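Note that the structure is predicted; figures quoted are calculated from it, not measured.
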Amino acid sequence: MTQPQQAGPDQLAFQQYRTLLFSVAYRILGTAADAEDLVQDAWFKWSAADRSQVVDPKAYLTRIVSNLAMERLRSTRHQRETYVGPWLPEPILTGPDTADGAAMTDSVSMALLVVLETLSPLERAVFVLKEVFAFSYAEIAQAVERSEPAVRQAGHRAREHVQARRPRFTADRARQRDVTERFFAAATGGDINTLMELLSPDVTLWTDGGGKVRQALKPVVGLETVAGWFAALGTATYQGIEPGQMRAELTWINGGPGVVFRGPDRVVATMTFDFDPDGRISAIHNVANPDKLHAVADGTRHELT
């Protein structure tokens, strides 16, 4: 971002909320590149505004980003509806301490972002601002430029929709990490028996190649099918890369444990996991569309609020 060398009070005010703005935009959009663009746009609007009239910079900047995000969602809706195969969010690298507690971790998980994708732009913005960032309905009404009753109604619809599709339970992060490590070892070693133990009976594998690389165009469902898919992983050439050339790294993605697969010259895919109340893997999100791997390939670890 091009800004003056000497940080003035206006720039300092913007930088104070920069992480918040990215965190809001990313959760509303599900794409890191678009979220960064919106933060940049917010800076330009902030720079051009008569800031003597701005009483609350946080509210002002959140309003800019929320409206830009809803506008971007509306413009990309057709593109996402006609996407080849499942559309998954763009993964981002995070740290093990990104989230203070399970609720914040869940709010940036692939599983929740996939559910948010089924909401309208207004519902999604209201849900993110209310449920994740604890803005009041009055504050959200100002931010999204709607009446408070309309915002309350959108928030109620969004919350019901998410709760129906995303049951909440307390996630044990140490258990998640342990299961991910064991899954990783079993998949790379072709140990189908251990895979069967670690996967939930109705486990679902979602793969996003976007038509750019070969992936399953529909979700792969069921314990035996998914276990077999992964047991064969270490023996097959993938995107022209021999098994011996593929490197895999356990890391933190979207607030939870995940895997980054690398070939000799590029990031090939990421994998993240959702867990059932018993700690077994209930969903696997595999992103292989090269257009969605730039944020991971850059190696930037995103701080989120």
Side-chain angles (χ1 to χ4, degrees), residues 84-94 109-114 171-264 266-290 292-293 296-297:
V84 178
W87 189 97
L88 295 178
E90 182 182 354
I92 57 173
L93 297 174
T94 53
S109 68
M110 282 280 180
L112 181 66
L113 293 177
V114 167
D172 183 330
R173 288 169 69 78
R175 165 79 171 160
Q176 287 186 10
R177 177 76 179 186
D178 177 60
V179 170
T180 301
E181 289 175 350
R182 291 173 61 204
F183 175 87
F184 175 71
T188 52
D191 182 354
I192 196 163
N193 291 330
T194 300
L195 288 171
M196 299 276 279
E197 290 174 15
L198 298 173
L199 298 172
S200 181
D202 55 354
V203 61
T204 303
L205 165 65
W206 304 81
T207 65
D208 178 346
K212 305 290 180 72
V213 297
R214 190 175 177 183
Q215 289 286 316
L217 296 180
K218 293 182 179 179
V220 180
V221 182
L223 179 58
E224 292 185 6
T225 311
V226 173
W229 197 89
F230 280 103
L233 197 62
T235 62
T237 299
Y238 182 73
Q239 293 186 37
I241 301 169
E242 297 291 335
Q245 296 178 301
M246 187 78 76
R247 291 182 296 116
E249 168 198 0
L250 278 167
T251 187
W252 293 93
I253 302 173
N254 286 72
V259 182
V260 177
F261 294 92
R262 301 176 189 273
R266 68 189 191 276
V267 171
V268 173
T270 63
M271 199 173 290
T272 53
F273 308 91
D274 202 20
F275 300 86
D276 68 16
D278 297 320
R280 293 173 302 188
I281 295 169
S282 58
I284 301 167
H285 297 99
N286 175 215
V287 178
N289 182 346
K292 294 185 178 182
L293 297 173
V296 171

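Evaluation of the salt bridge (charged side-chain N to carboxylate O under 4.0 Å, His left out) rule for Arg266 yields no partner, not counting sequence neighbours. With sequence neighbours left out, Glu181 forms a salt bridge (charged side-chain N to carboxylate O under 4.0 Å, His left out) with Arg177. Asp178 pairs by the side-chain hydrogen bond (donor to acceptor under 3.5 Å, both in side chains) definition with nothing, not counting sequence neighbours. Under the side-chain hydrogen bond (donor to acceptor under 3.5 Å, both in side chains) criterion, Glu197 pairs with no residue at all, not counting sequence neighbours. Looking at residues two or more places apart in sequence or on another chain, you find a ring pair (Phe, Tyr, Trp, His ring centres under 6.0 Å) between Phe273 and Phe183. Residues passing the side-chain hydrogen bond (donor to acceptor under 3.5 Å, both in side chains) test with Asn254 are Tyr26, sequence neighbours excluded.
To the nearest 0.5 Å, the span separating CH2 on Trp206 from CG on Leu88 amounts to 8.0 Å. How far CZ of Arg175 is from CZ of Arg280: 9.0 Å, rounded to the nearest 0.5 Å. Asn289 contributes atom CG, which lies 9.5 Å from atom CD of Gln215 (distance to the nearest 0.5 angstrom).
Legend: salt bridge (Lys or Arg N to Asp or Glu O under 4.0 Å) pairs involving residues 228-237, not counting sequence neighbours: none detected. Within the structure, every pair that satisfies the side-chain hydrogen bond (donor to acceptor under 3.5 Å, both in side chains) test and touches residues 183-196, not counting sequence neighbours, is listed here: Asp191-Thr194. Pairs passing the salt bridge (Lys or Arg N to Asp or Glu O under 4.0 Å) check and including a residue from residues 199-211, sequence neighbours excluded, read Asp208-Lys292. Within the structure, salt bridge (Lys or Arg N to Asp or Glu O under 4.0 Å) pairs that include any residue of residues 246-261 comprise Glu249-Arg262 (at least two apart or interchain). Applying the ring pair (Phe, Tyr, Trp, His ring centres under 6.0 Å) test to pairs two or more places apart or on separate chains, none has a residue in residues 233-262. Screening residues 213-241 for salt bridge (Lys or Arg N to Asp or Glu O under 4.0 Å), with sequence neighbours left out, gives no hits.
Contact of the Phe230 side chain with the Leu199 side chain is not registered, since no non-hydrogen atoms from C-beta on lie closer than 4.5 Å. Residues Ser200 and Ile281 form no side-chain contact, since every pair of their non-hydrogen atoms from C-beta on lies 4.5 Å or further apart. Contact of the Ser109 side chain with the Asp274 side chain is not registered, since no non-hydrogen atoms from C-beta on lie closer than 4.5 Å. Residues Thr270 and Asn286 fail the side-chain proximity criterion, which asks for heavy atoms closer than 4.5 Å. Contact annotation: the side chain of Ile284 approaches that of Met271 to within less than 4.5 Å [non-hydrogen atoms, C-beta and beyond].
Among all heavy-atom pairs drawn from Val213 and Ala288, the shortest one is CG2-O, 3.5 Å. Between Val259 and Ala248, the shortest heavy-atom contact is CG1-CB, 4.0 Å. Closest approach of Gly263 to Met246, counting heavy atoms only: N-SD, 4.4 Å. A pairwise comparison of heavy atoms in Thr207 and Pro86 identifies O-CD, 3.4 Å as the closest pair. Shown here for Pro89 and Val287, the closest heavy-atom pair between the two residues is O-CG2, 3.8 Å. Nearest heavy-atom pair, Ala187 versus Leu195, reported as atom, atom and distance to 0.1 Å: N-CD2, 4.0 Å.
Asp276 places a side-chain N or O within 3.5 Å of a backbone atom of Asp278 that can act as its donor or acceptor partner. Between the side chain of Thr272 and the backbone N or O of Gly258 there is no donor-acceptor pair closer than 3.5 Å. In terms of modelled atom types and a separation under 3.5 Å, the side chain of Arg173 and the main chain of Pro257 share no donor-acceptor contact.
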Are Ile253 and Val296 close enough, and set up right, to give a side-chain contact (heavy atoms from CB on, under 4.5 Å), and what steps lead you there?
CA-CA 9 Å; Ile253 302 173; Val296 171; 5.6 Å; no
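For the side chain to side chain contact (heavy atoms under 4.5 Å, CB included) criterion with Thr204, the lone passing option out of Val221, Val226, Thr225 is Val221.
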